[in-house]
Amino acid sequence: MITIKDKQDCCGCGACAQRCPQSCIKMIEDKEGFLYPQINISACINCNLCNKVCPIINKNNPQNPIYSYAAINTNDEIRLQSSSGGLFSAFSEAILNQDGIVFGAKFNQNWEVIHGYTETIDNLYQFRSSKYVQSIIGNCYIQTEKFLKTGKIVLFSGTPCQISGLKHFLKKEYENLITVEILCYGVPSPLAWESYLRSISNQKSSITDINFRDKSTGWKKYSFSIKYDNKKYSQESHNNIYMHGFLKNLYIRPSCKSCPAKLGRSGSDLSIGDCWGIQNIMPELDDDKGINIVLINTPKGKEFYKSLSVKSYSIDYNLITQYNGGFNNLIQFHPKREQFFNKIRKGKDFIKVIENVTKTSIIQKVKNKIIALFNKIYY
């Protein structure tokens with residue numbers, strides 16, 4: 001049976017729980033709000049399938065993509081509704097137009113981030129745009145397998161660890177499956193997200209929209225926006241307290257500290273993310289509306305990508321890795337992480353806790369100035 005001795009050894013993909021033939025593994029929330037497998041030992045038959053499908057126990061080797069591109073959706077409206085260049089929508093529409101299924105992350109009625117699927121283009125908007133919370137995968141691997149066995153073409157999008165979890169869960173390759181990983185910096189805690197929502201709105205039922213990547217202020221200076229009580233509240237991302245805590249590495253999942261699935265380990269057919277740094281690499285493409293990195297990782301991914309109607313430009317893989325945090329495989333956690341979660345569990349106000357634990361001391365400010373001065377003089 002699977003045993004988690006260190007929280008870093010579980011990415012929360014849920015492959016073990018979904019593959020267990022006895023249904024004796026449940027994904028249970030820990031004190032940080034992340035899900036981990038809990039086993040009913042009395043029901044376990046020691047089949048060891050849980051260990052065989054674990055993407056951390058069965059870690060793949062890193063690999064470079066076959067091709068790398070900067071790309072945009074030819075539909076400007078879709079592009080502006082998307083986090084980057086609208087390539088997820090282009091992929092998804094190609095699948096849905098073949099009577100296929102698209103899996104991805106969306107909000108539920110309580111504004112929790114969950115994995116789900118759509119069979120129609122009309123519902124695709126729910127899966128568009130980034131969501132900076134670890135999604136609850138539920139039984140999506142089981143659903144995917146059922147669709148694949150009926151002959152349906154399926155596109156499954158997710159973080160690298162979710163793609164890796166699916167691949168290990170299926171135990172075989174399906175020609176009618178296209179996997180797309182999102183270049184992921186790290187997944188934030190659902191508990192932190194819930195706490196943040198409580199701090200800004202007492203009645204979540206009044207929320208009508210949330211957008212982590214609102215482009216009304218541009219792509220490079222995107223905003224976090226939320227609509228409730230018939231009003232829209234928007235802040236540039238670097239000023240938003242939730243995004244501030246995320247980028248300070250306060251509440252990222254422990255397994256993200258050294259991701260087991262990044263850098264081509266997931267086995268995904270395609271990878272997509274923001275093509276940050278495009279203004280330095282190919283400035284002629286920078287219109288501040290958003291542009292995707294697209295990595296072609298497998299021959300199947302290559303054939304699928306060739307069938308799409310997108311604007312695509314070959315780009316140096318080694319250059320783009322310098323600008324996107326999704327390529328960073330090692331993350332240093334904030335030193336006050338434990339203090340943050342202790343306060344949140346006690347019901348302290350999220351905004352005040354973040355302000356308290358991330359404020360810079362006078363000594364640190366002096367150190368920062370000395371370092372900056374040193375760098376200015378010697379570099």
Side-chain angles (χ1 to χ4, degrees), residues 13-15 18-19 53 55 60 65-67 69 71-75 78-79 81-106 114-129 135 137-183 261 264 266-273 292-312:
C13 70
Q18 294 181 70
R19 183 48 75 195
V53 300
N60 295 327
I66 302 171
Y67 303 102
Y69 298 101
I72 59 174
N73 195 312
T74 55
N75 185 321
I78 296 297
R79 187 180 170 204
Q81 292 171 11
S82 306
S83 295
S84 312
L87 266 290
F88 168 75
S89 292
F91 295 166
S92 300
E93 288 183 16
I95 297 296
L96 294 170
N97 284 333
Q98 298 177 63
D99 194 30
I101 309 291
V102 172
F103 282 83
K106 66 175 185 175
I114 63 169
H115 243 68
Y117 69 88
T118 181
E119 299 176 76
T120 67
I121 290 176
D122 287 345
N123 287 327
L124 191 56
Y125 73 94
Q126 299 176 59
F127 301 89
R128 206 174 279 137
S129 192
S135 64
I137 204 78
N139 64 345
C140 283
Y141 295 170
I142 294 172
Q143 292 173 322
T144 298
E145 186 176 51
K146 287 180 179 178
F147 283 127
L148 291 171
K149 287 181 175 179
T150 65
K152 286 275 190 180
I153 184 169
V154 176
L155 184 145
F156 193 101
S157 67
T159 59
C161 60
Q162 289 173 333
I163 299 297
S164 187
L166 173 66
K167 289 278 190 173
H168 284 90
F169 171 86
L170 292 173
K171 298 185 292 183
K172 60 173 284 189
E173 289 295 325
Y174 286 86
E175 282 303 311
N176 51 328
L177 172 66
I178 299 291
T179 51
V180 180
E181 70 172 6
I182 310 302
L183 293 175
S266 74
S268 69
D269 297 304
L270 300 148
S271 306
I272 57 172
N292 275 109
I293 296 167
V294 181
L295 306 180
I296 313 298
N297 303 317
T298 66
K300 183 168 57 172
K302 174 186 173 182
E303 290 305 308
F304 174 70
Y305 190 71
K306 281 170 57 178
S307 70
L308 304 176
S309 297
V310 298
K311 292 182 180 178
S312 194

| remark: Note: C161 and P55 closest approach over all heavy atoms is O-CG, 4.4 Å
| query | Does a side-chain heavy-atom distance below 4.5 Å link F169 with T144? | reply | no
| How long is the span from the CG atom in N60 to the NZ atom in K167, to the nearest 0.5 Å? | 10.0 Å
| task | Please say whether more than 12 non-hydrogen atoms of neighbouring residues, nucleotides or ligands are located less than 6.0 Å from NZ in K302. | result | no
| said: Students often mix this up, so state it plainly: with edges at 30° and 60°, are the rings of F156 and H115 parallel, tilted or perpendicular? | reply: parallel
| field | Contact summary for N73 and R79, nearest pair of heavy atoms | value | O-CD, 4.2 Å
| Main-chain N/O of F103 paired to S157 side chain as donor or acceptor, under 3.5 Å | yes
| Which one of N297, T298, T179 satisfies the side chain to side chain donor-acceptor pair (under 3.5 Å) criterion with S268? | N297
| Among K152, R19, K171, which residue meets the salt bridge (charged side-chain N to carboxylate O under 4.0 Å, His left out) test with E145? | R19
| message | Using side-chain heavy atoms (C-beta onward) and a distance below 4.5 Å, is L270 in contact with I296? | response | yes
| task | Flag the pair I182 / T159 as yes when at least one side-chain heavy-atom distance between them is below 4.5 Å, and no otherwise. | result | no
| Distance only, no hydrogens: is a donor on one side chain within 3.5 Å (strictly under) of an acceptor on the other, for Q162 and S135? | yes
| said: If we ignore hydrogens and angles and just use 3.5 Å, is the side chain of N139 paired with the main-chain N or O of I142 as donor and acceptor? | reply: no
| task | First locate atom NZ of K172, then atom CG of L177, and finally report the distance between them rounded to the nearest 0.5 Å. | result | 11.5 Å
| query | Is the shortest heavy-atom distance from the side chain of F88 to the side chain of V180 under 4.5 Å? | reply | no
| query | Any sub-3.5 Å donor-acceptor pair from S164's side-chain atoms to P160's backbone N or O? | reply | no
| So, are K306 and E303 salt-bridged, with charged N and O less than 4.0 Å apart? | yes
| message | Looking at every non-hydrogen atom in both residues, tell me the closest pair between S271 and L183 and how far apart they are. | response | CB-CD2, 4.1 Å
| remark: Of all heavy-atom pairs linking E175 and K300, the shortest is O-CD, 3.8 Å
| For Y174, does the OH atom have more than 12 heavy-atom neighbours from other residues, nucleotides or ligands under 6.0 Å away? | yes
| request: May I ask you to decide if L87's main-chain N or O and N292's side chain share a donor-acceptor pair within less than 3.5 Å? | output: yes
| Considering all heavy atoms, the nearest V310-A90 contact | CG1-CB, 3.8 Å
| message | Determine whether the aromatic ring centres of residues Y305 and Y67 are separated by less than 6.0 angstrom. | response | no
| query | Is there a side-chain contact between N176 and Q98, using heavy atoms and a 4.5 Å cut-off? | reply | no
| Side chains of V294 and P65 in contact at under 4.5 Å (non-hydrogen atoms) | no
| Side chain to side chain, T118 and K106, heavy atoms closer than 4.5 Å | no
| query | What distance do L166 atom CG and S266 atom OG have between them, rounded to the nearest 0.5 Å? | reply | 10.0 Å
| request: Write down the atom of R128, the atom of S89, and the distance for their closest heavy-atom approach. | output: NE-OG, 2.7 Å
| request: Give, for atom CD1 of I121 and atom CD1 of I95, the distance between the pair rounded to the nearest 0.5 Å. | output: 11.0 Å
| task | Rounded to the nearest 0.5 Å, what's the gap from CD1 on I66 to CG on L295? Could you check? | result | 11.0 Å
| Got I178 and F91 here, is their nearest side-chain heavy-atom distance under 4.5 Å? | no
